[in-house]
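These numbers come from the heavy atoms of this one structure, side chains and all, not from hydrogens, waters or symmetry mates.
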Amino acid sequence: MSRIGRQQINIPAEVEVKIDDGKIICKGPKGTLDFVFDKRVKIEIKDKLINLSIPTESNSIELSAIWGTTRALINNMIKGVKEGFEKKLEINGVGYNAQSAGKKLTLNLGFSHPVEVEIPGNIEVKVEKNVITIAGINKQEVGQFAARIREYKKPEPYKGKGIKYIDEHIRKKAGKKVVGSEGGGE
C-alpha cells in the first residue's frame, strides 16, 4: 500500500479543484492546470480536503504506485496554481553568458555560434548577470526546460565551467600532477 497515496491533500482557500469525467482541474491565482488520472484511483473532494483511494482487494504493486504518483501530481498542481515553481541555473566560465529577448533565450557557451533556445509559452525566463531563473506553474515543464538548458553545457569537473543548478555542488577533480626531473637520469 502506498504511504504517500493515503495522505490527504489540503485545498487552500484561493484554489478551486473540480473533477470532471476522469480529469481533475485546478484553478488558482497563477492559472489553471488539468490532469487525466487513472480510473482505478478513486478521488473524493470533501471540506477542502482531497482523499485518494484504490480498491482494498487490489494487491497490485503497479496500482499502488499509480495511487502515490497521482496524489503527488495533484499536490504539485495545487502548489503550482497557488505559488508556482522556480528553478535557478548558474553560468560559470569566462565569456559565458545568456540573454533573454521575447520568447528566445540566447546562450553564449564558448561554441563557435550562440545557442538559441525557444522558450515554451507557459514558462517565464529571467536572466540576471550569470543566473537564469525559470518559473512556471507546471513543475514537470519547469524542471524539463531547466534540464534542457543545463544539457547544452554541463559543468566540467576540473574548473567547474558550464551551466549548473544554483544549489548543485560540483565535485572538482585534481588536474595532472607535474613530476619534476631530479638529476641526470640513469
Side-chain angles (χ1 to χ4, degrees), residues 1-91 98 100 102-103 105 117-151 155 163-170:
M1 297 295 279
S2 173
R3 292 187 182 130
I4 293 179
R6 269 192 227 132
Q7 297 173 2
Q8 292 181 332
I9 304 171
N10 293 320
I11 303 173
E14 59 268 11
V15 177
E16 179 186 326
V17 179
K18 290 190 301 186
I19 298 174
D20 184 33
D21 193 35
K23 182 190 273 190
I24 189 158
I25 303 163
C26 296
K27 290 182 186 176
K30 295 262 185 186
T32 304
L33 288 174
D34 59 12
F35 167 64
V36 178
F37 60 91
D38 194 304
K39 301 276 189 204
R40 297 174 289 177
V41 177
K42 185 180 173 196
I43 301 176
E44 293 176 341
I45 301 173
K46 194 186 292 183
D47 298 330
K48 290 289 188 181
L49 289 173
I50 300 175
N51 290 312
L52 284 82
S53 61
I54 56 172
T56 53
E57 65 274 359
S58 172
N59 285 338
S60 168
I61 293 173
E62 178 196 4
L63 186 56
S64 184
I66 290 171
W67 181 26
T69 302
T70 303
R71 190 251 179 229
L73 291 171
I74 293 170
N75 193 41
N76 286 338
M77 286 171 51
I78 290 171
K79 185 179 177 195
V81 297
K82 183 182 179 227
E83 303 164 10
F85 292 99
E86 181 177 273
K87 290 268 187 185
K88 290 188 178 206
L89 298 167
E90 182 181 14
I91 301 176
S100 176
K103 283 291 175 186
L105 178 67
V117 183
E118 198 68 34
I119 300 171
N122 45 2
I123 290 180
E124 296 174 18
V125 175
K126 287 183 235 161
V127 179
E128 298 164 356
K129 292 186 180 179
N130 67 334
V131 176
I132 302 170
T133 305
I134 302 163
I137 61 173
N138 189 328
K139 185 175 184 176
Q140 193 265 331
E141 288 178 1
V142 169
Q144 185 66 43
F145 188 67
R148 200 171 111 211
I149 290 174
R150 183 181 180 278
E151 203 54 39
I163 301 174
K164 70 178 189 81
Y165 295 108
I166 236 38
D167 56 352
E168 180 180 14
H169 177 70
I170 305 300

_Set of side chain to side chain contact (heavy atoms under 4.5 Å, CB included) partners for Glu128, sequence neighbours left out_ = none

*List for me each residue that meets side chain to side chain donor-acceptor pair (under 3.5 Å) alongside Arg148, sequence neighbours excluded, and say none if there are none.*
none

_Test: side-chain hydrogen bond (donor to acceptor under 3.5 Å, both in side chains). Region: residues 130-141. Which pairs qualify, not counting sequence neighbours?_
Asn122-Glu141

*asked:* Within this structure, what is the CG-CD1 distance for the pair Leu105 and Ile134, rounded to the nearest 0.5 Å?
replied: 7.5 Å

*Please identify each residue that fulfils salt bridge (Lys or Arg N to Asp or Glu O under 4.0 Å) with Lys23, with sequence neighbours left out.*
Asp34

*Does Lys79 make a cation-pi contact with Phe85 (under 6.0 Å, within 45 degrees of the axis)?*
no

*Does a side-chain heavy-atom distance below 4.5 Å link Arg40 with Glu62?*
yes

*Interatomic spacing from CD1 in Ile119 to NZ in Lys103 - rounded to 0.5 Å*: 6.0 Å

*Which residues pass the side chain to side chain contact (heavy atoms under 4.5 Å, CB included) test with Ile170, sequence neighbours left out?*
Pro155, Lys164, Glu168

*asked:* I need the Ile24 CD1 to Ile50 CD1 distance, nearest 0.5 Å.
replied: 4.5 Å

*Search all heavy atoms of Glu90 against all heavy atoms of Ile166 and return the closest pair with its distance.*
CB-CD1, 3.8 Å

*Please list, chain by chain and in numerical order, all residues satisfying side chain to side chain contact (heavy atoms under 4.5 Å, CB included) with Glu151, sequence neighbours excluded.*
Lys154

*Can you tell if the side chain of Val17 reaches within under 4.5 Å of the side chain of Ile9, non-hydrogen atoms only?*
no

*Name all residues meeting the side chain to side chain contact (heavy atoms under 4.5 Å, CB included) criterion together with Pro29; count only those two or more places apart in sequence or in a different chain, and write none if there are none.*
Glu14

*Can you tell me how far the CD1 atom of Ile137 sits from the CG atom of Leu33, to the nearest 0.5 Å?*
4.0 Å

*Quick one: list whatever passes side chain to side chain donor-acceptor pair (under 3.5 Å) with Lys42, sequence neighbours left out.*
Glu44

*With Asn51, which residues qualify under side chain to side chain donor-acceptor pair (under 3.5 Å), at least two apart?*
Gln8

*Would you give the length of the straight line joining atom OG1 of Thr70 to atom CG of Leu63, rounded to the nearest 0.5 angstrom?*
9.0 Å

